[in-house]
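Take a look at the structure set out below.
Chain identifiers are assigned alphabetically (A, B, ...) following the order of the sequence lines, protein sequences preceding nucleic acid strands; residue numbering begins at 1 within each chain. Keep in mind that what you see is a predicted model, and the values were worked out from it rather than measured.
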Amino acid sequence: MFPPEVILGIFNAVAPIVKDIVAKHLAVTGAMPTDAEVTAAFNQNIDTYLAEGAAWRAAHPNA
Amino acid sequence: MKSLRCFLVLASLALFAGGIGVANCAGNAPPSLSPTGKLTYQANEGVVALGTVQHAAIELNKVQACTSACHPLLPDKDVAVVVDNVTSALIIIKQVPNGWKATIISALNAISTRLDAEGKMRLSAYLGAAIAVVNALQ
């Protein structure tokens, strides 16, 4: 159906982005995350995915 | 078709690996967090798993499959099922983080039920991986 490079390109675009908050936080600050920082990341991810869905919906109003 | 099978196998393997990563992260929630913070930490991992399914659906919708005529690799109606269920779930989780796991499992099951055959075929690897990831979070 598609050349392998196209398939792999698609896959790379949709591959899950699973971030380790602790590793990221440690790398930046050298300290463990606080409740407030974890909550901020949680809210930011929710808002990001809501915005992505809303943008798709706006572009496909009849879907 | 061989390429598609290859894609699905690769997607399954990578998502499985990602799932292990998520489970490991959740199992090693930072000791600096309070019980509420640990719950939020795990809820965040579940949100990422759910959001990844939506992101995959939207990206597959951008790809045109051309045989006699061109059409999105994942039809609009299937993406709409994913987007609407994910949006509803995320709104609920934001308001009631304690119920994140049941909300996400319910959304994933609703998506699986409402997709047509083509949608199920295209997204089965992502849905299966997301359910496995969420179930692995304790």
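Electrostatic pairing of K94(B) and D47(A) counts as a salt bridge here, judged by a charged N lying under 4.0 Å from a carboxylate O. Note on K77(B) versus D116(B): salt bridge recorded, some NZ/NE/NH1/NH2 to OD/OE distance being below 4.0 Å.
The hydrophobic cluster containing V96(B) does not contain V134(B), counting ILVMFWY residues as joined when their side-chain heavy atoms lie under 4.5 angstrom apart, directly or transitively.
Using a 4.5 Å cut-off between heavy atoms, V79(B) touches chain A through backbone and side chain atoms alike. Looking at D78(B), neither its backbone nor its side chain comes within 4.5 Å of chain A, counting heavy atoms on both sides. With a 4.5 Å cut-off on non-hydrogen atoms, L50(B) does not touch chain A at all.
When each of I91(B), V81(B), D84(B) is scored by its heavy-atom pairs under 4.5 Å with chain A, the top score falls to D84(B).
Note that the OH atom of Y41(B) and the OG atom of S34(B) stand 14.0 Å from one another [nearest 0.5 Å].
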